[in-house]
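Right, one structure below, let's go through it.
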Amino acid sequence: MFIQPIYNILLLPDVTYFFKKDFFADRADELEAGSDILFLFLKNEIADGIPASDAFYPVGLSAKVENISEEDVLQVRTTDRVEISDPSVDDDGIHVSFVLRPPVEDMGEDEQQAEFTELRTSLLRFVQGYQWGLWARGYILQRKNMNDMASALSEYLNLTPEEKYQILATDSVRERYTLIDRAINEFMEIAKVSSEAQEAQKGDQEQLYREAALKKQIDYLQKELDDMHPENISDVRKFEKKIQESGMNEEARKEAEKVLNRMRQEGKESHEYGLLYDYLDFVTSLSWKAPEFTPIDLKQAEEILDEDHYGLKKVKDRIIQQLAVMALNRKQYGSILLFVGAPGTGKTSIGQSIARALGRKYVRISLGGIRDEAEIRGHRRTYVGAMPGRIMEAMKRSGVSNPVMVLDEVDKLAKDYGGDPASALLEVLDPEQNSTFTDHYMNVPYDLSNVLFVCTANTTDTIPEPLLNRMEAISFPGYTAVEKYHIAKKHLIPKALETMGIQKSMLKITDGALRQIIEEYTMESGVRDLKKCIETICRSAAVELVKKGTEKTVISVTKSNLTDYLGRKQIHPERKLSSKTPGVVTGLAWTRAGGAILFIETKLTSGKGKIQITGQLGEVMKESVQIALTLVKSLYPKESKVFEDHDLHIHVPAGAVPKDGPSAGITLTTALASLVTGKAVDTDIAMTGEVSLRGGVMPIGGLPEKLMAAQRAGIKKVFIPEDNVEDLEDVAEEVKEKLEIIPVKKVTDVLKKVL
């Protein structure tokens, strides 16, 4: 059997058609009178090449060649509709299986003839008003039935390829007759509207036909205009095209089409037109299509991370582990990463490096100070000034469905009458839920499961427990002086020179000057202040270069002339005490800016046993004072009688800075013990640890930052809780090399060694 694919042709059973021989292309010579033909209907037009196996509709039409004229015109008679199955295409051609598809005979012959006669009468009446009416009358009278009439007029009917196929595919004879009747009546109405030769028709059915004809005519003319002038394409047509090409899920498509219909009905004069336009513009600007997985090159990723950031070995190892899991699963997989550390330690910028390593788009959202849940989930469109939430706004900004999204400062989310934005993030950061994230403004689900979320925070203390449980916290330790030196040489100085437009040969900052900046002009865990100092030097150098002229001018910044560029040092680094005094002990503290040393000072004065505490201590630290006092009284009962007739004053310097936390417990206890015994503690010693009423030394947090602060201050020996020994893995080797770190389990262990 000869198989012929066709597109945009109305073929119906039991009708005679005439085809030119070249319609059947190169294989036309295989056809002769009596040959069987199977017509397959294509879903889309194929200009060149062989169609794919899924390019065909499931209903075809069988036919037989009745005659071939001398002019190479084939007379073909269609026979039956057939059900197509298992289509395949290879070099030998198209192969299919098919079975007869009988019609549903739900209309008697008399009724069929009556409807056909009525339609033919309408056509004959219609053609009377035209010059070509006489010829058309004879043409119409030659038609034998409804199928014959539709086929004869098919090239004049305003039908899409899908609508033509639908007429053939309809099993019900009644339904097919209805479709043909509607199509021919619409054709007559379009002709009447175009010529304006006929009066307005009356009756409900005729009015419906006219409305449909007008709409189709408008759509057709608008499409023609849009094709001729793409720059003037109408908003409705533009959004129609965008919705079709967007790849939206079914729910989103329905909502978009619903809004589009409202926009079409309201018109540009409506006050809601702008709101509808903004909504459609937003949802069609999002990327809805699932991305193809891009292979991950772990070696290249390691090189990029090392190139962009100095140190941070444990952090980089954890990131590489995450990328390796994604590479094996060939999809987004793994925990939500939470980078925790002091400002300026590279938490945000490493997100950019991850995006570069993956070859993905990078987008950042700052969550600091957000106190309204709508900032995350968006506003409902019923509100004036409604906007999408920051998550979906960032997705639009990225233009893809799988960016690397950094949620900055999640520890600074606020909570008030506007809702709880931290709770709104629970769905966003849960891999089990975010595949159907629904923004209130969009009101349809969007798949966020392909997004690689990275969160940053300075501390986990203010992050709600349910949100913290959805993330894996990775600590960013502060940088040592050596690390800061290498970061400045490798990253900060080259970037500052490039920003200021200074060539490398024009400005030299000596190693000695750089180390002096680190030690005397900055006091932080990160490198932001160091960056500011380097930029200040570059700006001063830029002024000098412009005044002197850039030709052959070389500026050298050394230790001796550093104050000319940075002025006198503004920061006085914390240093250990120069002399030891009974009742004064050095402790270690953690702040959001990194570690710091603090001095616990105690003094007795004549009085009646009152206790005075100064230095802006918080409630927890005041409780530590009470515990320390009780321990000292129990350990030194004889010496502690001095508290009965003396007032005790406890002070922690830097009184303008609030202080709190239990980790100064061991320091307070040692200071009070030193005070009552009169034995001074060596100034080379510092300590940290919480104490219990039983005299135990309990673990604390922030050990790497505290030890770094001790090393900076010139401390030689540090006492830490024994339970914190494992945390020493996170401490830089150069810090551990310069400190004698002594783990202790009980308060008495400390007191024996220092008093």
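- Considering only residues two or more places apart in sequence or on other chains, D684 meets the side chain to side chain donor-acceptor pair (under 3.5 Å) condition with K576.
- With rounding to the nearest 0.5 angstrom, the CD1 atom of I666 is 11.0 Å from the OG atom of S624.
- Geometrically, R515 engages Y485 in a cation-pi contact, judged by NZ or CZ lying under 6.0 Å from the ring centre and within 45° of the ring axis.
- In the displayed structure, K603 atom NZ is contacted under 6.0 Å by at most 12 heavy atoms of other residues, nucleotides or ligands.
- Taking the six-membered ring where the residue is Trp, H486 and Y310 present parallel rings, their angle staying beneath 30° rather than reaching 60°.
- When V454, L467, N434, L429 are each tested for a side-chain contact (heavy atoms from CB on, under 4.5 Å) with I336, only one passes: L429.
- Of the inter-residue distances, the one linking L566 atom CG with T536 atom OG1 reads 6.0 Å to the nearest 0.5 angstrom.
- Between the CZ atom in F282 and the CE atom in M392 there is a gap of 5.0 Å [rounded to 0.5 Å].
- Without hydrogens or angle criteria, S401 side chain to S287 main chain gives no donor-acceptor distance under 3.5 Å.
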Check step by step if salt bridge (charged side-chain N to carboxylate O under 4.0 Å, His left out) holds for D682 and K717.
-> CA-CA 10 Å; D682 197 328; K717 186 185 295 185; over 6 Å; no

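- Taking a cutoff of 4.0 Å between a charged side-chain nitrogen and a carboxylate oxygen, K736 and E733 qualify as a salt bridge.
- Closest approach of I600 and A671 over heavy atoms only: CG2-CB, 3.9 Å.
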How far apart are the C-alpha atoms of Y565 and C533, what are their side-chain angles, what is the distance that settles it, and do they pass the side-chain contact (heavy atoms from CB on, under 4.5 Å) test?
-> CA-CA 9 Å; Y565 296 93; C533 289; over 6 Å; no

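- The closest donor-acceptor contact from the side chain of T456 to the backbone of E409 lies under 3.5 Å.
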Kindly indicate, with the supporting measurements, whether the criterion side-chain contact (heavy atoms from CB on, under 4.5 Å) is fulfilled by I320 and L305.
-> CA-CA 9 Å; I320 292 299; L305 290 174; 3.9 Å; yes

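- The main-chain N or O of G583 is found under 3.5 Å from a side-chain atom of T602 such that the two form a donor-acceptor pair.
- Taken from CD1 in I685 to NZ in K753, the straight-line distance is 10.5 Å, to the nearest 0.5 Å.
- Considering NE2 of H491 and CD1 of I534, their distance stands at 11.5 Å, rounded to 0.5 Å.
- With values rounded to the nearest 0.5 angstrom, L358 atom CG is found 5.0 Å from I296 atom CD1.
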Please lay out, stage by stage, how K313 and D317 fare under the test salt bridge (charged side-chain N to carboxylate O under 4.0 Å, His left out).
-> CA-CA 6 Å; K313 184 177 184 306; D317 288 345; 3.0 Å; yes

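- Listed here is the closest heavy atom pair of I509 and L514: CG2-N, 4.4 Å.
- Under the 3.5 Å distance criterion, with hydrogens and angles disregarded, a donor-acceptor pair is assigned to the side chains of D408 and T348.
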Stepwise side-chain contact (heavy atoms from CB on, under 4.5 Å) check, Q322 with L452 | CA-CA 10 Å; Q322 180 96 338; L452 177 57; 4.1 Å; yes

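- Of the possible donor and acceptor atoms, one in the side chain of R397 sits under 3.5 Å from a partner among the backbone N and O of R364.
- By the 6.0 Å contact criterion, NZ on K396 is enclosed, its count of non-hydrogen atoms from other residues, nucleotides or ligands being greater than 12.
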Would L751 and T670 satisfy side-chain contact (heavy atoms from CB on, under 4.5 Å), going step by step from the backbone distance to the final call?
-> CA-CA 7 Å; L751 298 178; T670 306; 4.0 Å; yes

